[in-house]
Student: 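Got a structure for you, written out below as structure tokens; questions coming shortly.
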Amino acid sequence: MKVLIAGGTGVLGSALAQQLVADGLPVTILVREPTDIVPKAEMVKGDVRKPNLGLSLATRERLQAEVTHVVSTFGSVDLDIGPQGTMDLHGRGTEELLRFFRACADPVRYVHASSILIFGKHEGEVGNRDLFVGQRFRNWYEVGKFAAERILRRAAEDTPVHVVRLGPVLGADGPVTPSWQHGLVAGLPYLLKQWPVPLHRRGQFPCYVSDATAAAKVLRYALDATTTDVWTYFDPRLPSLNQTLTALCEAWGILPRILDVSGLRPVVRLASRPLGLSPVVLGYLDPWVRLAPDILADLPFPAPPSPPQYLRRTSLALRKHLEELMVA
Amino acid sequence: MRTQFCPEIDTDANPRFPVYADGNFGEVAPDRISPLSWSLIGDPVEAGVRRVLRRLLPGATWLTGSHYLFVGYYGAKPYHNISAFCHAARHVPCLAPEDVMRAYFEDGPIPPVPADPVPLNRRLAAVPRFIRELGRTRAASVDLEAETLLLALHAKESDPATVARRAVSLLGEAWERHYAVTLMLVPVTTLQSALGTWCSRHWDELGLWVNRPRELVWDTRHDGATVPEANDFLARVGYEVADDLPPWSQYGRPSVPVDGENSPMTDTAIVEALGRPWEVLPFARPLLLPQLSGLVRDLLQLREFTKYLAMRVLHVLRGVLPELARDRAVPGDGWPYLTIGELLSGRDPHRLVPARRAACEDALALDMPGLLDFAAARESAGASATSRPRGVSPGQVDGFVVFSDSWKEGRWRITMDGQPPVLVCESADVNLKSLLPHAAALVTARGSVLSHIAILAREHGIPAVLGHPVAKEVREGQLVHVNGSSGEVNIIASQD
């Protein structure tokens with residue numbers, strides 16, 4: 001087995017790369033700017049948005065002769081991404097990586113890290129088999145993730161593709177700390193200022209968060225699976241959005257001001273940009289998606305637990321990262 | 001500065017609207033056209049635009065006069081009168097001269113227009129007339145198609161003079177409809193852009209996707225080109241009716257038929273979402289955006305359709321004019337030097353040929369500029385010399401430069417590392433339509449947002465950048481990055 005990870009410098013991809021290297025497996029990370037985040041992993045400069053992944057002919061031919069498994073974890077949770085960016089990254093990027101995989105000498109498995117946000121604003125219950133349920137989306141990131149999974153679900157008819165859907169991926173045990181620009185963490189500066197956040201039922205609804213190392217284990221299982229399938233994984237303890245945001249603020253000793261006041265929403269929406277909060281984030285004030293209650297039972301193995309206190313340790317790591325940035 | 005270059009054949013410069021540009025001719029028509037072709041384009045366009053604008057702006061006295069108002073012919077080169085078109089824009093609500101220049105004249109500098117203000121009530125009164133004109137144009141185009149088909153079917157069996165007269169009449173209607181749609185597109189797209197920008201911060205990216213026509217007439221005609229006549233038409237789609245006679249043949253733009261694999265298109269899930277964003281994302285204030293966008297797409301299709309009708313009629317004339325010339329005792333290579341009126345009704349038209357031929361020889365020896373300003377006694381290379389590159393069809397791609405001539409000769413298959421071909425040319429129109437399914441991107445040195453090639457590129461879903469100077473600098477085989485949204489084209493590497 002030789003694994004190519006596209007997006008291997010992100011929180012999830014680097015955690016997976018670390019696990020694979022620890023298991024003694026050869027890993028190649030496709031990256032736009034090579035780094036040494038995961039020592040012992042080969043870094044190859046490329047770009048999923050470019051034809052042939054932006055690889056030289058020689059590199060591409062070598063990799064296609066060697067690689068047997070491909071993992072796509074590229075595309076950070078950039079809720080501000082525009083339509084063109086989504087088109088390039090999630091559309092063309094997925095097609096290019098799939099084309100690369102199909103041209104490999106021995107294509108065993110393609111594992112795609114999808115997102116529960118592909119269901120957009122759909123209010124009904126959804127399971128692993130569902131994809132298009134008439135949903136409308138909050139932003140172009142959700143459209144892109146949906147389109148990427150749709151490309152791959154269609155490709156699964158003749159290509160061994162495995163999809164793993166995840167919620168927000170946090171954690172501090174991997175080589176990479178979650179970015180301040182993307183996902184849940186992007187709202188942290190606003191929360192730390194204790195400006196009010198009008199969440200439905202004060203955020204007492206699941207956000208399907210998981211720890212990166214636990215989620216990476218699920219991807220690892222998918223690499224070894226013998227059938228193509230769609231799985232969903234999240235922290236089985238199912239912390240609510242309120243619990244998650246409260247834990248992320250813990251390192252600063254601040255309690256976020258989470259309210260259930262719907263009348264506050266227009267005010268927050270108007271003031272969002274001046275307050276440094278992307279208005280797109282305001283699309284997540286209500287329950288995100290309703291997953292089938294037994295969805296974790298579809299995993300052919302016990303759902304890996306997320307490490308204890310991973311949210312708190314994420315908060316500590318973020319604070320430390322911020323202090324390092326300020327010193328720099 | 002001269003107000004005429006070749007008095008024997010030139011039109012007179014308009015004294016009130018003195019600025020002309022070759023934009024929207026220069027990138028679609030041959031660089032030079034014969035006097036006969038001019039009489040089949042210039043006269044009916046002039047008459048047609050005046051009729052349309054008189055319906056839209058009744059009582060506008062500036063639409064009268066014996067000088068050509070909207071077109072001009074200098075040194076055997078066709079021009080649009082951009083100062084007249086910009087002046088017309090001032091009479092329409094939500095429209096400004098810069099909108100016209102951006103849409104059709106390569107975003108060139110705005111010419112001076114008469115300073116007298118147009119009252120708001122008069123501008124608003126044009127709105128219902130625009131709406132009526134739209135309905136009239138759509139219905140008339142359907143009838144026109146039937147008449148054009150009948151003309152084409154019976155052309156070979158009928159008297160050439162009768163066919164030619166009927167063709168000239170239909171041509172007048174076709175150009176009138178074509179310019180009516182062309183004029184209406186500008187205020188509609190301007191309004192759409194204003195609303196779209198208000199509704200979504202990503203409108204500058206979405207606008208190009210939303211305005212992708214679903215189907216253009218050229219596709220169905222190419223797909224159904226099984227009869228010899230259809231194939232003949234598609235191979236000689238152009239404004240010059242004497243395209244097989246020298247010297248006019250050297251200015252022609254022959255179509256380039258090609259076989260080969262199509263470049264891959266991106267998954268339609270995102271493309272569908274981009275084309276109808278208000279259905280996919282909850283736009284807070286979609287207002288009239290879906291309806292306007294549907295109207296823009298319809299107008300773009302109608303614009304191509306009316307142009308197609310004009311080209312069909314020109315093609316019929318291409319077939320009957322030599323025969324008509326023989327009947328009128330005009331030399332076989334002399335008829336392009338006459339106007340259609342002279343050929344049909346003139347007394348001894350062959351006597352005019354020698355002087356016209358000499359005048360055209362002089363005209364063709366001139367290096368005619370792209371911009372003529374008769375008031376400022378100024379000429380320049382034209383709007384294209386100062387215009388900025390425009391991304392007119394969204395998407396990004398890396399590929400190797402291929403010129404259309406290479407394509408014709410089959411050399412396009414030589415690529416490096418399986419990189420797709422990027423078609424690069426000076427300008428493009430329907431003659432290169434058959435290449436578009438095989439190209440990954442298009443880059444031209446000339447063209448505007450609403451030009452025909454922009455519409456075709458969007459319909460085929462390939463990134464396109466028009467008016468980029470790199471189109472004149474690149475060499476075949478160089479690797480380029482094309483961004484059809486931002487208008488950037490960068491040379492990445494050269495093929496060794």
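Please read all numbers here as calculations on a predicted model, not as lab measurements.
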Student: For the pair B:E205 (side chain) and A:Q84 (backbone), establish whether a donor and an acceptor sit closer than 3.5 Å, ignoring hydrogens and angles.
Tutor: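 Such a contact is found between B:E205 side chain and A:Q84 backbone.
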Student: Does any heavy atom of chain A fall under 4.5 Å from the side chain of B:W203, the backbone, both, or neither of them?
Tutor: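 Looking at B:W203, nothing touches chain A.
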Student: A:M87 and B:L274: side-chain contact (heavy atoms from CB on, under 4.5 Å), yes or no, with the steps?
Tutor: CA-CA 9 Å; A:M87 175 76 151; B:L274 291 166; 3.9 Å; yes
Student: Let's go through A:F146 and B:V280 carefully: what are the C-alpha distance in whole Å and the side-chain angles of both, what is the deciding distance for side-chain contact (heavy atoms from CB on, under 4.5 Å) to 0.1 Å, and is it a yes or a no?
Tutor: CA-CA 11 Å; A:F146 166 81; B:V280 175; over 6 Å; no
Student: When you look at NZ of A:K50, are more than 12 heavy atoms from neighbouring residues, nucleotides or ligands closer to it than 6.0 Å?
Tutor: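 At most 12 heavy atoms, drawn from other residues, nucleotides or ligands, come within 6.0 Å of this atom.
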Student: Step through the shown structure and confirm whether more than 12 heavy atoms of other residues, nucleotides or ligands are within 6.0 Å of CD on B:Q291.
Tutor: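 Result for CD/B:Q291: enclosed.
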Student: Using atom types as modelled and distance alone, determine if a side-chain donor or acceptor of A:R136 lies under 3.5 Å from a backbone N or O of B:E279.
Tutor: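 Yes: the side chain of A:R136 pairs with the backbone of B:E279.
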Student: Most heavy-atom pairs under 4.5 angstrom with chain B, which of A:G283, A:G120, A:G82?
Tutor: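 Ranked by contacts with chain B, first place is A:G82.
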Student: To the closest 0.5 Å, what do you measure between CG (A:D80) and CZ (B:R201)?
Tutor: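 One gets 4.5 Å once the value is rounded to the nearest 0.5 Å.
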Student: Of the backbone (N, CA, C, O) and the side chain (C-beta and beyond), which part of A:D47 lies under 4.5 Å from a heavy atom of chain B, both, or neither?
Tutor: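 For A:D47, neither part sits under 4.5 Å from chain B.
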Student: To the nearest 0.5 Å, what is the distance between CD1 on B:I270 and CG on A:L89?
Tutor: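 One finds 9.0 Å between CD1 of B:I270 and CG of A:L89.
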Student: Regarding B:D398 and A:R49, does a basic nitrogen lie under 4.0 Å from an acidic carboxylate oxygen?
Tutor: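 Answer for the salt bridge query: no.
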Student: As an exercise, state the distance from CG of B:N483 to CG of A:D88, rounded to the nearest 0.5 Å.
Tutor: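 Rounded to the nearest 0.5 Å, the CG-CG separation comes out at 7.5 Å.
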